[in-house]
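Comments concern the structure below.
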Amino acid sequence: MDLIPETPYRFRIPRHGPMRVPGIVYATRDLLPEATGDKSLEQVANVATLPGIVTASYAMPDVHWGYGFPIGGVAATDVSAGGVVSPGGVGFDISCGVRLLAARLDADRLPAVLGPLMDTLGHTVPRGLHHGGTWQLADRAQLYDVLLGGARYAVDAGHGVPRDLARCEDAGQIRGAAPGRISTHALERGLGQLGSLGSGNHFLEVQVVDDIFDEATAAAFGLHRHQVCVLIHTGSRGLGHQVCTDYIRTMDEAMNRYGIQLPDRQLACVPVTSTAGQAYLGAMAAATNFARANRQLLTETARRAFERHTGAELDLVYDVSHNLATIEHHELDGQWRRLCVHRKGATRALPPHHPDLPAELAATGQPTLIPGTMGTASHVLAGVAGSPAFHSTCHGAGRTRSRHAAAREVDGQRLRDDLESRGIAVRGTSWRSLAEETPTAYKDVDAVVDAAEGAGLCRKVARLVPVGVVKG
């Protein structure tokens, strides 16, 4: 496949075969996927065949092989021109995202309480593949309330403060949720998992602000050097996974009715305006509300632990998702178009003065959170004016090795011991789960963030380093 360098941070895959638009990869040469074993660039080209796609099929610097879409893929389709929605362009963990909390506490006060604090978090944060949640919902009717109300419902029920909603995308509640479009099996999977971390690369970390790149923006976000923070990375758990599974099957069966032919059946899609397309968007919105309520409940758990061991409060900096398809308006060729923007393993990064930003963040642009990889740094970014790729940026470091490969090559107990020797307290669920998420299985997150900034996708605000990890 031809890959033409255009700048040090941008490569083009020219249109060929059934591609409707080119592919654009934002990366440095060192961050490009390896030619063997990672088919993500082929997936970028495949996404470019989607009906109604506009401008380009984009890949972020953390791009790697995923289901249908690459992880780190962004694509927008024109709703009025037969544009489609594809569950593979969102991913199985709908509204997987990151929430950053800033403590009213500096790092010099942490060593004396870190062990007991991490023990409490380790015992009170439900995690693992099937573990229960912190909020035992009464019945399916109350689950419907969560699916409709999201973090807003949780806060109204006493699990948070009003400011939490102002610092969450969509004020914590995405509109258009349709719980009735979710299967019984998906509802059953979600009923006992609200307020839980899950498994895989999900985590809750205690971190310290290591560096500030933009003092004014960091101050607006509520961050300063040596400040203690908490980063929560999780999503919609089994409910979201089942929604994706159900609708991939539905769309795979429906594509022939719309004359849609694709090079990869994992890209199964239907027009946004179709009955199935609208049903998926409603189910996806409901799963998104579940994810935001889930992170809200974990926020409450973290706050209780900090209050018990430090007496310090935790203020929400921001909550942002990186697995969504949203209906947005963007200007193309001098005209405003209604687009369905897929961001799979990619984060929205709204520029300053965007109408969807809260007034207190209008001058800074949207906070965007880039989690590290258990032992490596995380980053806080901000959206910039004139950014390409529909105001999108990276979402993490990006894998270079599968979980199975990492588990074969790394001893989880030795990894834990190494992290502990570096001053990072680790509370895991199993040696294998730790090995699967070894930092050596990922790209260099600092290099990924530098490439995203170099490509004009965002700008750096702060860098945080972990001192304690609760691992899913």
Side-chain angles (χ1 to χ4, degrees), residues 31 33-34 37-38 40 61-67 70-72 91-93 96-100 118 121-122 125-131 196-207 230-238 241 294-295 298 322-323 344-345 347 369-379 394-449 464-472:
L31 292 173
E34 296 181 4
D38 187 319
S40 55
D62 52 338
V63 63
H64 56 288
W65 194 8
Y67 182 94
I71 299 170
F92 286 92
D93 194 357
C96 183
V98 191
R99 170 173 286 221
L100 180 64
M118 294 307 300
L121 289 170
V125 174
R127 58 199 192 277
L129 193 59
H130 303 293
H131 206 292
S196 65
L197 200 58
S199 58
N201 63 343
H202 296 150
F203 62 75
L204 182 151
E205 284 192 356
V206 178
Q207 303 180 334
V230 174
L231 195 70
I232 299 170
H233 179 205
T234 190
S236 51
R237 303 289 279 110
H241 193 286
N294 189 35
R295 292 192 287 273
L298 291 170
H322 50 235
N323 279 0
K344 179 182 179 179
T347 309
L369 312 173
I370 311 300
T373 55
M374 192 178 62
T376 64
S378 298
H379 284 263
C394 55
H395 89 301
R399 293 194 78 97
T400 57
R401 280 184 289 172
S402 70
R403 290 186 173 88
H404 292 299
R408 287 195 305 267
E409 298 170 11
V410 174
D411 180 276
Q413 186 169 1
R414 289 182 180 176
L415 174 60
R416 193 279 309 270
D417 292 344
D418 175 64
L419 292 171
E420 295 268 1
S421 71
R422 292 158 49 195
I424 302 171
V426 179
R427 303 294 183 269
T429 55
S430 70
W431 300 129
R432 180 180 176 87
S433 69
L434 292 178
E436 289 177 346
E437 297 304 318
T438 174
T440 57
Y442 286 85
K443 300 177 184 179
D444 180 342
V445 69
D446 293 331
V448 167
V449 167
L464 299 86
V465 294
V467 293
V469 180
V470 177
K471 193 72 193 63

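The analysis underlying the following values was restricted to heavy atoms, covering all of them including side chains, and did not include hydrogens, waters or symmetry mates. All residue numbers in this chain count up from 1 along the given sequence.
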Rounded to the nearest 0.5 Å, the CD1 atom of Ile71 sits from the NE2 atom of His64 at a distance of 3.5 Å

With Val445, the side chain to side chain contact (heavy atoms under 4.5 Å, CB included) member among Ile370, Thr373, Asp62: Ile370

So how far is it from Arg408 CZ to Arg432 CZ, rounded to the nearest 0.5 Å? 9.0 Å

Applying ring pair (Phe, Tyr, Trp, His ring centres under 6.0 Å), can you list everything that pairs with His379, at least two apart in sequence or on another chain? none

Check whether any side-chain heavy atom of Phe203 lies under 4.5 Å from a side-chain heavy atom of Pro466, and answer yes or no. no

Sequence-distant partners of His202, side-chain contact (heavy atoms from CB on, under 4.5 Å), two or more places apart: Asp93, Cys96, Leu197, His233, Thr234

Measuring only between side-chain heavy atoms, which start at C-beta, is Arg427 closer than 4.5 Å to Arg127? yes

Applying ring pair (Phe, Tyr, Trp, His ring centres under 6.0 Å) to Tyr67 and not counting sequence neighbours gives Phe92

Okay, side chain of Lys471, backbone of Ser199: is any donor-acceptor separation there less than 3.5 Å? no

Compare every heavy atom of Ala406 with every heavy atom of Ala441, then report the nearest pair and how far apart it is. CB-CB, 4.1 Å

Any residue meeting side chain to side chain donor-acceptor pair (under 3.5 Å) with Arg399, in chain and number order, not counting sequence neighbours: Glu437, Tyr442

Assess whether side chain to side chain contact (heavy atoms under 4.5 Å, CB included) is satisfied between Leu121 and Val230, documenting all intermediate values. CA-CA 11 Å; Leu121 289 170; Val230 174; over 6 Å; no

Going by the rule side chain to side chain donor-acceptor pair (under 3.5 Å), which residues pair with Ser378 if we only count those two or more places apart in sequence or in a different chain? Gln207

Any side-chain heavy-atom pair of Leu419 and Leu434 under 4.5 Å: no

What's the separation between atom CG in Leu298 and atom CD1 in Ile232, rounded to the nearest 0.5 Å? 5.5 Å

If only atom types and distance count, is the side chain of Thr347 paired as donor or acceptor with the main-chain N or O of Cys394 below 3.5 Å? yes

For Ser433, check side-chain contact (heavy atoms from CB on, under 4.5 Å) against everything at least two apart and list the hits. Thr429, Ser430

Please answer whether the main-chain N or O of Ser196 pairs with a side-chain N or O of Asn294 as donor and acceptor at a distance below 3.5 Å. yes

Taken to the nearest 0.5 Å, the spacing of Leu100 CG from Arg295 CZ works out to 12.5 Å

Under-4.0 Å salt bridge between Asp418 and Arg422: yes

N/O donor-acceptor pair under 3.5 Å between Asn323 side chain and Lys344 backbone: no

So, taking the atom named OG1 in Thr400 and the one named CG in Asp38, what distance separates them when rounded to the nearest 0.5 Å? 9.0 Å

Check the orientation of His322 and His395. Use parallel for under 30°, tilted for 30 to 60°, and perpendicular for over 60°. perpendicular

For Ala407 and Ala435, the nearest pair of non-hydrogen atoms, with its separation, is CA-CB, 4.0 Å

Closest non-hydrogen atoms of Val465 and Ala377, given as atom of the first, atom of the second and distance, are CG1-CB, 4.4 Å

For the backbone of Ala405 and the side chain of Ser402, can you confirm whether one donor and one acceptor N or O come within less than 3.5 Å of each other? yes

Candidate list Val469, Val426, Val470, test side chain to side chain contact (heavy atoms under 4.5 Å, CB included), partner Met118, passing option: Val470

List the steps, then state whether side chain to side chain contact (heavy atoms under 4.5 Å, CB included) holds for Lys443 with Val63. CA-CA 10 Å; Lys443 300 177 184 179; Val63 63; 4.2 Å; yes

Between Gly128 and Arg237, which heavy-atom pair has the shortest distance, and what is it? O-NH2, 3.2 Å

